[in-house]
Amino acid sequence: MMRKITLVALSLLLAVTSLFTGCGSNKQPVSGNSSNIPSLTIGTTMKVEGINIEDYYFGILRGIFTHKGLVKLDENSNFTGDMAKSWSTADGQIWTFLLQDGLTWHDGTKVTAADVKFALEYNMKHSVEYRSHFSLIKSISTPDEKTVVITLSKPNPRFLVNLLVLRTLPQHIFSAVDNPATYNDPKAAIGCGPYVFEKLDTKAGIITFRANTTYFRGPPPIPEIKVRLFKNPDALYMALQNGEIALPYTYSAGTDPIYAANLAKNPQIKLTNIPNLGVSKALIFNVTKPVVNDPQVRTALSYAIDYNELVRLFAPTSGIAPTAGLVPRGTPGFVETRPLEFNPEHAKRLLEQAGYHLTDSNIREKNGQPLTFELLIRSDIPENIRLAELLQKYFNNIGAKLTPKTVDITLFQTIIDKDRSHTSMLSRTTPWGMMMWAGMGTGYMDARNIGWAMVSDAKFIDLIDNMNSTLEPEAYKIHSAALQQYYAENLPAIPLYWDSFIQPHNAALTGWKISPMYGVLNEETWYNLKNSTR
């Protein structure tokens with residue numbers, strides 16, 4: 001017997017069900033919408049180097065403007081249809097999706113189920129990250145042009161969460177592309193979404209998108225959207241102050257409070273707080289690497305950090321000190337674990353107990369092995385460089401030497417996602433990232449998935465497998481609570497603070513919709529945004 005329920009993405013962390021049918025989009029196609037915004041300019045410091053599908057930040061823009069997946073999250077974190085107008089599963093193992101009517105690629109070619117099958121298989125072939133997200137896919141079939149059937153190797157009621165990152169590709173273009181990382185032909189940006197990629201002007205630093213006049217919902221009311229690329233935050237926020245851009249945007253991040261304080265004084269600018277169910281900054285350890293493979297060392301390091309100072313410096317308006325369970329308060333299924341506490345004397349005692357004794361060089365050693373390790377950070381995030389300097393100071397105070405290694409985003413991703421050669425890294429976790437895999441940040445920790453922490457011990461794997469397979473909400477709740485306790489006891493990652501996103505925008509613009517994935521930039525915003533002064 002089948003029973004129908006609404007799938008709530010964030011609540012899915014708790015509420016999974018054994019038998020369900022997923023409803024598609026409740027939206028009716030939009031026609032005749034008028035806009036009093038002839039052109040919208042967005043500013044960003046996200047670095048776009050090409051329009052190939054492996055350029056990380058252009059990939060974000062593709063997800064926002066030009067490309068679609070099967071499902072997405074609405075403003076209330078409910079699953080709703082994207083390319084799919086409906087979906088169903090009787091057992092969590094065989095998933096059937098029915099595509100929307102009237103979908104076409106930007107070059108006029110009809111979108112079919114074969115494109116979805118191709119895109120899933122193509123991305124799994126060419127992308128380590130996609131292979132992680134879709135590792136449970138056993139087979140994909142297309143009974144007809146509008147039906148996609150995905151069979152998993154085992155039941156997984158959370159499969160829709162992993163589908164949220166799918167950006168479907170046109171088979172008639174990419175079937176001839178053997179190396180997508182170097183394919184920067186304009187055809188590489190052809191999607192079936194509400195906006196069409198027009199051009200990337202590298203000299204001017206502007207990416208232009210125009211409304212898709214054949215979009216199945218009707219053309220979005222804003223005819224043109226430009227994304228202006230800035231080399232540094234100072235120039236970005238000066239442009240906002242001067243009215244040259246309507247808003248600044250960074251994927252899954254807000255405005256640094258240093259800039260927000262000045263922006264708040266400008267009556268032409270409004271600041272909006274957006275809840276963040278990710279971790280803005282976390283110290284993540286590769287638990288296979290010496291010396292951070294010792295849980296007692298990681299625990300000692302956690303007591304060396306002054307969390308209140310970090311909140312004061314990096315998140316003064318909305319930040320709070322985190323708990324050792326990693327998962328942010330407010331997440332469905334959150335349980336209280338021990339507060340992360342600044343206690344350097346206790347940190348020193350723990351290191352002594354672990355056999356690390358202070359030497360004349362003020363660096364602790366154990367059996368001749370110095371307590372030193374490397375921290376990987378990105379050069380394009382200034383606050384991470386400042387954070388690394390503070391962590392150096394904190395750890396030096398207890399006799400541990402931290403050496404920052406600053407690299408650009410391309411090398412950063414190569415090291416953590418492909419080589420997995422890092423010892424520790426400084427990163428955020430996104431709201432979607434906290435939902436993926438078994439939820440509760442497990443995709444970042446599990447060596448079988450993205451696996452930045454490379455955790456693979458039997459207790460952890462058992463918890464993840466139970467979370468991924470259980471069809472009972474209460475059972476999931478029990479397992480996820482135990483996982484948070486595991487995080488607190490073993491600390492594969494140390495959250496440095498929790499906060500919300502600060503999103504500035506031109507105060508005259510109203511009608512913003514908030515996507516759990518992309519914040520204020522999303523399809524519903526394009527259909528609702530108005531200029532109140534016109």
Check whether any side-chain heavy atom of [X] lies under 4.5 Å from a side-chain heavy atom of [Y], and answer yes or no.
X	Y	result
L390	L310	yes
Q241	N262	yes
L521	L247	yes
T250	M46	yes
R428	S280	no

- Query: Is the gap between the ring centers of W526 and F65 under 6.0 Å?
  - Reply: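 Yes, close enough.
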
- Task: Answer yes or no: are there more than 12 heavy-atom neighbours, outside M124 itself, under 6.0 Å from its atom CE?
- Result: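 Yes, because the 6.0 Å sphere around CE of M124 holds more than 12 heavy atoms from other groups.
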
- Should we say atom CG of D178 is surrounded by more than 12 heavy atoms from elsewhere, each under 6.0 Å from it?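 12 or below, so no.
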
| message | Before you tell me yes or no, could you show the steps for Y237 and F230 under ring-ring contact (aromatic ring centres under 6.0 Å, His included), namely the whole-Å CA-CA distance, both residues' side-chain angles and the distance that decides it to 0.1 Å? | response | CA-CA 10 Å; Y237 293 110; F230 290 84; 9.1 Å; no

Begin with the C-alpha distance, continue with both residues' side-chain angles, and end with the deciding distance and a verdict on salt bridge (Lys or Arg N to Asp or Glu O under 4.0 Å) for D82 and R167.
CA-CA 11 Å; D82 201 14; R167 300 178 185 109; over 6 Å; no

With rounding to the nearest 0.5 Å, note down the distance linking [atom1] in [X] to [atom2] in [Y].
X	Y	atom1	atom2	answer
T429	M436	OG1	CE	8.5 Å
M440	Y487	CE	OH	9.0 Å
I274	I514	CD1	CD1	4.0 Å
T423	L375	OG1	CG	9.5 Å
D408	T414	CG	OG1	8.5 Å
I450	R420	CD1	CZ	8.5 Å

Do side-chain atoms of [X] reach the backbone of [Y] as a donor and acceptor pair under 3.5 angstrom?
X	Y	value
R228	E244	no
W437	M445	no
T168	A119	no
H505	T272	no
S127	Y130	yes
E198	R210	no
N52	D55	yes
T406	I377	no
D185	A188	no

For this session: Test E523 against K513 for salt bridge (Lys or Arg N to Asp or Glu O under 4.0 Å), laying out the working first.
Result: CA-CA 9 Å; E523 184 169 322; K513 302 296 181 180; over 6 Å; no

Please determine which of I284, L496, I385, I381 meets the side chain to side chain contact (heavy atoms under 4.5 Å, CB included) test together with L426.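 The residue from I284, L496, I385, I381 that satisfies side chain to side chain contact (heavy atoms under 4.5 Å, CB included) with L426 turns out to be L496.
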
Q. Could you go step by step and tell me if K203 and D201 meet the salt bridge (Lys or Arg N to Asp or Glu O under 4.0 Å) rule?
A. CA-CA 6 Å; K203 290 184 179 179; D201 186 333; over 6 Å; no

- [ ] Report the relative orientation of the aromatic rings in Y251 and Y518; use parallel for angles under 30°, tilted for 30 to 60°, perpendicular for over 60°.
- [x]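 The rings of Y251 and Y518 sit tilted, inter-plane angle from 30° to 60°.
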
* To do: Can you label the angle between the F460 ring and the Y486 ring as parallel, tilted or perpendicular, going by 30° and 60°?
  =>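 Tilted, since the angle between the ring planes falls between 30° and 60°.
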
Pair [X]-[Y], side-chain donor/acceptor within less than 3.5 Å:
X	Y	value
N123	H133	no
E224	S39	yes
K401	N396	no
S252	T430	no
N286	W452	no

>> Let's go through K418 and E129 carefully: what are the C-alpha distance in whole Å and the side-chain angles of both, what is the deciding distance for salt bridge (Lys or Arg N to Asp or Glu O under 4.0 Å) to 0.1 Å, and is it a yes or a no?
In response: CA-CA 9 Å; K418 295 180 181 179; E129 188 172 345; over 6 Å; no

